[in-house]
Every structure is written in structure tokens, then in C-alpha cells.
Amino acid sequence: MNSDCIGKHEHTACPRCQRSFECRVGSINLCQCQRVQLSDAQQHYVSSQYQGCLCADCLLALRTEYNQQTHQNRLTKLLHGH
């Protein structure tokens, strides 16, 4: 979740899929994004591509995308002896 949402509790459109969802930063424990755990590196990856809050489905997809890219980069380094 991005700091742009602080103090808000409103319906918004996900910047990735354009689907509407309710951002509940005012009640963060009830916000849909809380079901998606992201590491610091995953959070950085998401925030480097999108501004604002994303829906939980897109957060899950981006977490998977990051993990796949990281895994592929490690394999490439191993295969090329770097």
C-alpha cells in the first residue's frame, strides 16, 4: 500500500487493472491489501511501477511477477557463472 492513501477511506480504481475497490487506510486492518504480505523488495518493485493503492489481486500478481523475475535472474547468474 502506498502513502498516497493515508487518511482515506474511499472507493478508488486500481491503477493496474482499473477495477474499483475500497481503500480502507483509516481502518488498515480491514483493508483488502492486508491479505497480501510483501517483502521490502516486493514493495519497492510495486511502488516503482505504480502510484497509489492497488487492489489485492494486482498486488498478488505483482508479487508473483517479482518472484518469477528474481528467480529467473538467479538462474541466469548461476548458468553463466556470475
Under 3.5 Å: donor-acceptor pair, side chain of E22, backbone of C31: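 No, because the side chain of E22 does not come within donor-acceptor range (under 3.5 Å) of the backbone of C31.
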Point-to-point distance, once rounded to the nearest 0.5 Å, from [atom1] of [X] to [atom2] of [Y]:
{"X": "N73", "Y": "Q68", "atom1": "CG", "atom2": "CD", "answer": "12.0 Å"}
{"X": "N67", "Y": "S39", "atom1": "CG", "atom2": "OG", "answer": "7.5 Å"}
{"X": "K77", "Y": "L75", "atom1": "NZ", "atom2": "CG", "answer": "11.5 Å"}

Side-chain heavy atoms of C17 within contact of C55, under 4.5 Å: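 Sidechains of C55 and C17: in contact.
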Under the side chain to side chain donor-acceptor pair (under 3.5 Å) test, residues paired with R74 that sit two or more places apart: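 Partners of R74 by the side chain to side chain donor-acceptor pair (under 3.5 Å) criterion come out as none, since no residue qualifies.
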Member of R35, R16, R63 meeting the salt bridge (Lys or Arg N to Asp or Glu O under 4.0 Å) criterion with D57: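 With D57 as partner, salt bridge (Lys or Arg N to Asp or Glu O under 4.0 Å) holds for just one option, R35.
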Heavy-atom pair of closest approach, residues C14 and C58: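 So the two residues come closest at SG-SG, 3.7 Å.
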P15 to Q18 - nearest heavy-atom pair and separation: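 Smallest interatomic distance, heavy atoms only, reads O-NE2, 3.1 Å.
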D40/Q43 under side chain to side chain contact (heavy atoms under 4.5 Å, CB included): CA gap, chis, key distance, verdict: CA-CA 5 Å; D40 288 343; Q43 288 177 9; 4.2 Å; yes
ILVMFWY cluster, L59 and F21 together (side-chain gap under 4.5 Å):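 Unlinked, L59 and F21 end up in two clusters.
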Pairs where residues 58-79 contributes a residue and the test ring pair (Phe, Tyr, Trp, His ring centres under 6.0 Å) is met, not counting sequence neighbours: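 For residues 58-79: Y45-Y66.
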